[in-house]
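Report on the following structure.
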2 protein chains.
Amino acid sequence: MDRFLSSAVNRIDAKGRVSVPGAFRALAAKRGYHELYALRALEEPALDVGGMDLLERYERQLEQANPFLRTADDMSAYVHGEGTFLKLDADGRITMSDFIREHTGITSEVGFLGRGQFFQIWEPERMRQHLADVRARLTTLRQAAAQARPSGASE
Amino acid sequence: MDRFLSSAVNRIDAKGRVSVPGAFRALAAKRGYHELYALRALEEPALDVGGMDLLERYERQLEQANPFLRTADDMSAYVHGEGTFLKLDADGRITMSDFIREHTGITSEVGFLGRGQFFQIWEPERMRQHLADVRARLTTLRQAAAQARPSGASE
DNA sequence: TCTTGTCCCATGCTATCCCATGAACGCAAT
DNA sequence: ATTGCGTTCATGGGATAGCATGGGACAAGA
């Protein structure tokens, strides 16, 4: 088990804390993430969470999204301005700051969504909606592919 | 016997566990699956279950998708967010989590359906209905073919 | 002083390990 | 064929470990 898989919803307690799902915590530990790094996703009301390797990924996305932001300085400002550290406490919980709540709309519960090399933090209802949308787009794609290849051949 | 064949229905015990049919377990072991990967099927209330090679196959497709399109992101969200690991315990049972129950409607019994290279998990009544539907479609197809080819040739 | 964030501990629930039981099946000797 | 034995398999349950959650206490900053 070496990927962030599956999804879960956990509740925020009176002090603003949430448990990170055990499976995600275990994987983060296995990868040697002593600190979690969270970045505001570019096109979604979610945060991408992972180790420092996330920065590279984010920079690549930025290049694609905005070719004018190409200088290292611009990039750095953007990446660091949109990112934050998440400190895991002794019980495996993180505190939901305003920085996170603003971008995601999170209030009382947190949705965790595995994305393979990292995971995301969502407002649960938005996460469900997002997954439904994704599913709908992929279904359409598949049906279009089936049209193009009439006989019931599955790769 | 190197394919997942046939179907079976097993009951969930008070702790939420179900036995994976012996034949499926034997094949999984033969293939070296120490962990099972399950994905919520796109167009059916079922889970596709296989080994890590199933996940890896999807991930390879993912890498080939054009990163400028939303499709790559959608596929990652689907394959990772809608997938999960299933741990077989020492007695060959798996636990039916809410993650599984939500998508399938499973409550007290589980239907296992062999699909060759993988198998599926269904709510039993839905599985029966699905099989009946498939059978009906095939019959229709065959009759249409018989019309086109009048002499009563069968096999 | 009042809030905010940590650290530490308590509790209930769920998952997991390990062992027991009984039914079904196969094999072989009678 | 029938009987009897052993094996596999589905199912049940006790005990335990891990996890999500709640709250007290303390320290630091406003």
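Protein chains get the first letters and strands the later ones, always in sequence-line order, with residue 1 at the start of each. Quick note: numbers below take in every heavy atom, side chains included, and nothing from hydrogens, waters or symmetry partners.
The side chain of B/Arg17 lies closest to D/dG12, out of D/dG12, C/dA15, D/dG24. Which of D/dC19, D/dT11, D/dC9 sits closest to the side chain of A/Arg25 comes down to D/dC19.
Across the helix from C/dT1-D/dA30 to C/dT30-D/dA1, the helix axis at one end is tilted relative to the axis at the other end by 20° (nearest 10 degrees, each axis from five pairs).
When the P atom of C/dT14 is taken as reference, atom CD1 of B/Ile100 falls 16 Å away, rounded to whole Å. What separates CG of B/Asp13 from P of C/dA15 is a distance of 11 Å, to the nearest Å. Look at CZ on B/Arg11: it is 15 Å from C1' on C/dG22, rounded to the nearest Å. Taking atom CD1 on A/Ile12 and atom C1' on C/dG5, their separation rounds to 15 Å, with Å as the unit. Distance A/Phe85 CZ to C/dG5 C1': 18 Å, rounded to the nearest Å. Remark: C1' of C/dA15 and CZ of B/Phe99 are 17 Å apart, rounded to the nearest angstrom. To the nearest angstrom, P of D/dT21 lies 13 Å from CE of A/Met96. The distance between atom CG of A/Asn10 and atom P of C/dC13, rounded to the nearest whole Å, is 17 Å.
Residue-to-nucleotide contacts include a donor-acceptor pair under 3.5 Å from the side chain of B/Arg93 to the base of D/dG12. Evaluation of atom-type donor-acceptor distances gives a pair under 3.5 Å for the side chain of B/Asp91 against the base of C/dC19. The base of C/dC8 is not paired with the side chain of A/Asp89 by any donor and acceptor separated by under 3.5 Å.
A donor-acceptor pair shorter than 3.5 Å cannot be found between the side chains of B/His103 and B/Glu82. No hydrogens or angles considered: a donor-acceptor pair under 3.5 Å links the side chains of A/Tyr33 and A/Asp53.
Within the 4.5 Å cutoff, side-chain heavy atoms of A/His130 are placed close to those of A/Trp122. Inter-residue side-chain proximity for A/Ile12 and A/Ile106 is flagged as met; some heavy-atom pair is nearer than 4.5 Å.
Within the cation-pi definition used here (under 6.0 Å to the ring centroid, within 45° of the axis), B/Arg40 qualifies as a partner of B/Phe99.
Between A/Lys15 and C/dT4, a side-chain N or O to OP1/OP2 separation shorter than 4.0 Å is absent. Of the side-chain N and O atoms in B/Thr95, one or more sit less than 4.0 angstrom from OP1 or OP2 of C/dT16.
Residue A/Val9 is classed as having no contact, given no heavy-atom separation below 4.0 Å to the nucleic acid.
Remark: B/Arg101 pairs with no residue by the side-chain hydrogen bond (donor to acceptor under 3.5 Å, both in side chains) rule, at least two apart or across chains.
Judged by distance alone, with hydrogens and angles left aside, the side-chain atoms of A/Arg137 form no donor-acceptor pair with the main-chain N or O of B/Asp74 at under 3.5 Å.
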